[in-house]
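What follows is a short report on a single structure.
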Number of protein chains: 4
Amino acid sequence: MKSNLRTPGRPKRKEQEPSVQETVLFKASMLFMELGYEAVSLQQIAKACGVTKASIYYYYKGKPELFTAALTAVMRRASERTAALLEEDMPLRERLILVSETKLGRQHADFETIMREARSSLSEEQLDDIRRAEEGIHEIIAGHLARSIEQGEIRQTDPLLTAYALSAVLMVGNREIAKGKTAEKLAREIVDLFWHGLEK
Amino acid sequence: MKSNLRTPGRPKRKEQEPSVQETVLFKASMLFMELGYEAVSLQQIAKACGVTKASIYYYYKGKPELFTAALTAVMRRASERTAALLEEDMPLRERLILVSETKLGRQHADFETIMREARSSLSEEQLDDIRRAEEGIHEIIAGHLARSIEQGEIRQTDPLLTAYALSAVLMVGNREIAKGKTAEKLAREIVDLFWHGLEK
Amino acid sequence: MKSNLRTPGRPKRKEQEPSVQETVLFKASMLFMELGYEAVSLQQIAKACGVTKASIYYYYKGKPELFTAALTAVMRRASERTAALLEEDMPLRERLILVSETKLGRQHADFETIMREARSSLSEEQLDDIRRAEEGIHEIIAGHLARSIEQGEIRQTDPLLTAYALSAVLMVGNREIAKGKTAEKLAREIVDLFWHGLEK
Amino acid sequence: MKSNLRTPGRPKRKEQEPSVQETVLFKASMLFMELGYEAVSLQQIAKACGVTKASIYYYYKGKPELFTAALTAVMRRASERTAALLEEDMPLRERLILVSETKLGRQHADFETIMREARSSLSEEQLDDIRRAEEGIHEIIAGHLARSIEQGEIRQTDPLLTAYALSAVLMVGNREIAKGKTAEKLAREIVDLFWHGLEK
DNA sequence: TATGAATGAGTCTTCATTCAT
DNA sequence: CATGAATGAAGACTCATTCAT
């Protein structure tokens with residue numbers, strides 16, 4: 001049963017093919033971000049990677065660890081991308097639109113909601129690891145906001161709170177209301193709302 | 001320790017105690033909102049209600065149905081509360097602060113993230129039911145925004161988008177950054193950010 | 001919940017409507033004969049009768065008892081019908097065809113197979129009750145065979161064994177091979193096979 | 001009492017012991033044939049095999065699949081045995097007695113009755129698989145009958161119907177009436193009944 | 001007479017995890 | 001490096017049964 005075409009032992013690694021470990025991390029990231037913690041089984045991840053469950057255990061000690069690794073990896077990549085975009089030589093508003101556009105493009109889940117679901121399975125340390133990784137993004141944005149405030153480009157607000165707020169608003173991208181619009185148009189609309197406020 | 005075992009058969013119903021069905025719906029709402037779909041077991045709900053799993057099945061056909069009932073109930077209650085607050089006789093900004101304060105008070109999870117997790121377990125119809133119930137809240141807020149726009153009280157923006165945006169920002173309440181502050185102060189800060197925007 | 005249009009208390013019994021008890025016995029017979037013991041739930045029976053499970057318990061002490069009652073009733077009815085048919089004033093062979101035709105008409109399950117499934121749930125006494133009821137039919141047939149043997153109408157065989165054998169062969173009626181033919185034609189074919197044997 | 005708990009992981013495989021998969025299939029066959037579909041729990045099968053339920057699921061996707069595998073295996077084995085016996089170099093009547101004796105030896109349940117019970121749990125395809133496997137036996141018998149008819153050894157009857165009939169009659173083996181007799185004697189009696197018929 | 005509400009035990013199934021190879 | 005084979009624990013769901021009304 002379980003038609004097994006794969007022979008055991010190390011398969012010859014062709015160059016430029018990603019390693020099993022990388023594949024696992026990548027697919028796991030996608031699945032966890034899309035479906036949450038509990039709803040994703042190791043079986044599912046293994047299948048998506050074309051390996052067996054046992055192989056995952058060879059690289060990661062267990063589901064919590066894999067989850068932690070996957071999420072911190074995602075967060076780090078997001079941080080880097082965000083940082084890069086914010087270094088561009090443009091007015092702040094345009095840079096925020098750029099960042100927003102990118103984030104809207106990838107469907108993203110609410111961080112705290114996912115974490116809440118996983119909380120009971122993760123160790124305190126793992127929770128912290130992921131949380132810290134995620135805070136990174138907001139700190140980067142906040143840093144840029146703070147600089148702009150200092151330079152008198154924008155109104156004085158709490159930069160970290162503002163960063164979180166912008167980030168949160170981008171989740172509107174998942175909503176029905178966003179379905180008709182391109183990421184670019186929506187990003188512009190959202191940042192504008194944020195930029196000008198409601199006041200007349 | 002075996003003392004709290006119930007015997008089968010109809011229990012003598014004391015007056016004014018809430019019915020089992022209500023209790024179940026209520027506790028289930030809390031748990032699902034706090035932990036998501038998969039992470040909550042019927043066992044857990046049953047225990048929280050002081051009944052057995054089988055009793056839950058007496059009232060609800062299964063986990064998906066209970067989830068649907070629980071979430072739509074929550075959403076409807078929230079709609080009503082929100083509607084009531086927005087009817088108050090105050091300037092819009094104050095009313096928004098009021099609504100925000102209330103929402104920040106209750107820990108709330110991101111709707112779409114929870115739904116994404118549950119999606120694979122729910123029927124198309126159930127998904128729609130919940131979604132429609134949730135849209136209600138935003139439509140109410142949007143309605144009030146639209147009126148204020150017409151009356152020239154606030155800048156012209158897309159009211160529904162704005163409603164979703166405000167709603168999303170309130171999820172900051174779950175964040176570390178919010179921990180030190182009272183709901184009232186935080187609400188004021190967030191609405192202010194929204195109200196004045198970043199522009200100088 | 002459970003939209004309950006029925007008021008409690010004794011409903012006015014219209015004449016000629018069968019009593020609840022009879023209905024239950026009848027529907028239960030049908031379901032048990034069609035699906036076996038385990039595969040039929042009291043819920044299912046209750047629903048088929050338009051009453052609640054609890055009502056069934058009002059009339060029968062439990063599933064085993066209901067099963068016993070249902071099957072013995074079926075068997076007794078079958079016995080009576082068979083006896084009547086065999087009293088007719090016709091040659092034996094014609095009477096056997098008549099009996100066969102009737103039996104083929106009703107889909108029937110193998111008695112021992114059904115009993116085997118139920119065995120672990122029934123008391124020794126209940127098993128015996130059903131078994132005795134069923135044996136009745138074969139004894140009736142055997143009685144008529146014995147008489148015909150005495151009168152030199154047919155070859156000398158073990159009448160009871162022959163009765164069981166004929167009875168068993170009639171289960172061919174459930175088979176694919178029987179699907180194209182009318183009960184009458186099939187009955188004739190089977191009895192003929194039995195009557196003449198294979199020998200040339 | 002906890003002594004027979006296995007630890008997880010691959011057990012050292014002793015030679016010549018049958019594989020778990022085979023054991024499971026074998027025990028499952030026995031139990032299903034003896035007690036039917038619903039009355040047999042996977043727990044029960046697992047225990048009979050000295051493994052856990054989860055192990056069964058490692059080899060079979062679920063109860064319906066295991067049932068299908070078990071029954072088709074039984075039917076195939078029976079076909080082979082029957083075919084072999086019918087190839088023997090003896091007069092047809094003796095060969096039929098041989099086949100009958102073997103079948104009477106093993107307690108056997110009525111196929112259609114078992115299937116009826118399982119029907120609602122099996123897929124259309126599974127039902128067909130089992131059914132086809134079972135038809136095999138009758139086709140083999142029918143083939144031999146047909147040949148004997150051609151060669152003028154026996155009277156002309158519908159061979160397939162006759163095969164089914166003989167098969168059915170052998171279920172008398174399960175009856176009380178058969179209890180006193182050896183399989184051989186009973187087989188001879190039954191085939192004789194079939195061979196000579198009732199006619200004088 | 002009949003029911004609504006509840007239970008405990010048991011079912012199938014899935015999952016994360018382990019370990020010999 | 002990677003797997004096949006197995007496990008214990010837990011989850012959703014169903015069922016026969018009970019009892020106050």
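Heavy-atom basis, side chains included; hydrogens, waters and symmetry copies ignored. Quick note on labels: first sequence line is chain A, next is B, and so on, each numbered from 1. Treat the numbers as computed from the prediction; the structure is a model and nothing was measured.
- Taking atom CG on Leu122(B) and atom C1' on dA12(F), their separation rounds to 14 Å, with Å as the unit.
- Comparing Lys63(D) and Lys53(C) by the nucleotide of DNA chain E whose heavy atom lies nearest to each, the residue mapping closer to the 5' end is Lys53(C).
- Ion pairing between Glu124(C) and Arg131(C) fails under the 4.0 Å rule for side-chain N and carboxylate O.
- A straight line from CD of Glu22(A) to P of dC1(F) spans 13 Å, rounded to a whole angstrom.
- Protein atom NZ of Lys47(A) is 14 Å distant from nucleotide atom C1' of dT14(E), rounded to whole Å.
- Minimum heavy-atom separation, Glu38(B) to Ser121(B): OE2-OG, 4.0 Å.
- Here the shortest heavy-atom pairing between Val24(A) and Cys49(A) reads CA-SG, 3.6 Å.
- A heavy atom lying under 4.0 Å from DNA chain F marks the following residues of residues 34-43 of chain B, by number: Val40(B), Ser41(B), Leu42(B).
- Rounded to a whole Å, the CD atom of Gln44(C) is 8 Å from the P atom of dC15(F).
- Tyr57(A) places its OH atom 15 Å from the C1' atom of dG4(F), with the value rounded to the nearest Å.
- Taking all atoms of both residues into account, the shortest heavy-atom contact from Ala118(C) to Phe67(C) is CB-CE2, 3.8 Å.
- Residue Tyr59(A) is classed as a sugar-phosphate contact, given heavy-atom separations below 4.0 Å to backbone atoms only.
- Each of Thr52(A) and Ala54(B) has a nearest nucleotide on DNA chain F; the 5'-most of these lies closest to Thr52(A).
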Revision key, fill the gap. For DNA chain F, the dot-bracket notation using Watson-Crick and G-U wobble pairs below 3.5 Å, [ ] for pseudoknot-type crossings and | for other-strand pairs, is .||||||||||||||||||||
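- For the pair Tyr60(D) OH and dA6(F) C1', the computed distance is 15 Å after rounding to whole Å.
- The two residues Gly62(B) and Tyr57(B) come nearest to each other via the heavy atoms CA-CE2, 3.8 Å.
- A cation-pi geometry, defined here as NZ or CZ lying under 6.0 Å from the six-membered ring centre and within 45° of its normal, does not hold between Lys27(B) and Phe32(B).
- Taking for each of Ile56(A) and Pro64(B) the nucleotide of DNA chain F with the nearest heavy atom, the 5'-most of the two is the partner of Ile56(A).
- Rounded to whole angstrom, the span from the CD atom of Glu65(A) across to the C1' atom of dT17(E) amounts to 14 Å.
- Closest of all the heavy-atom pairs between Asp129(D) and Thr72(D) is O-CG2, 3.8 Å.
- Using a 4.5 Å heavy-atom threshold, the side chains of Ile56(D) and Val20(D) count as separate.
- Contact record, Leu42(A) with Lys63(A): CD2-CG, 3.9 Å, taken as the closest heavy-atom pair.
- For Tyr58(B), the listed nucleotide lying nearest its side chain is dG4(E); candidates were dC1(F), dT17(F), dG4(E).
- Leu66(A) places its CG atom 15 Å from the P atom of dC15(E), with the value rounded to the nearest Å.
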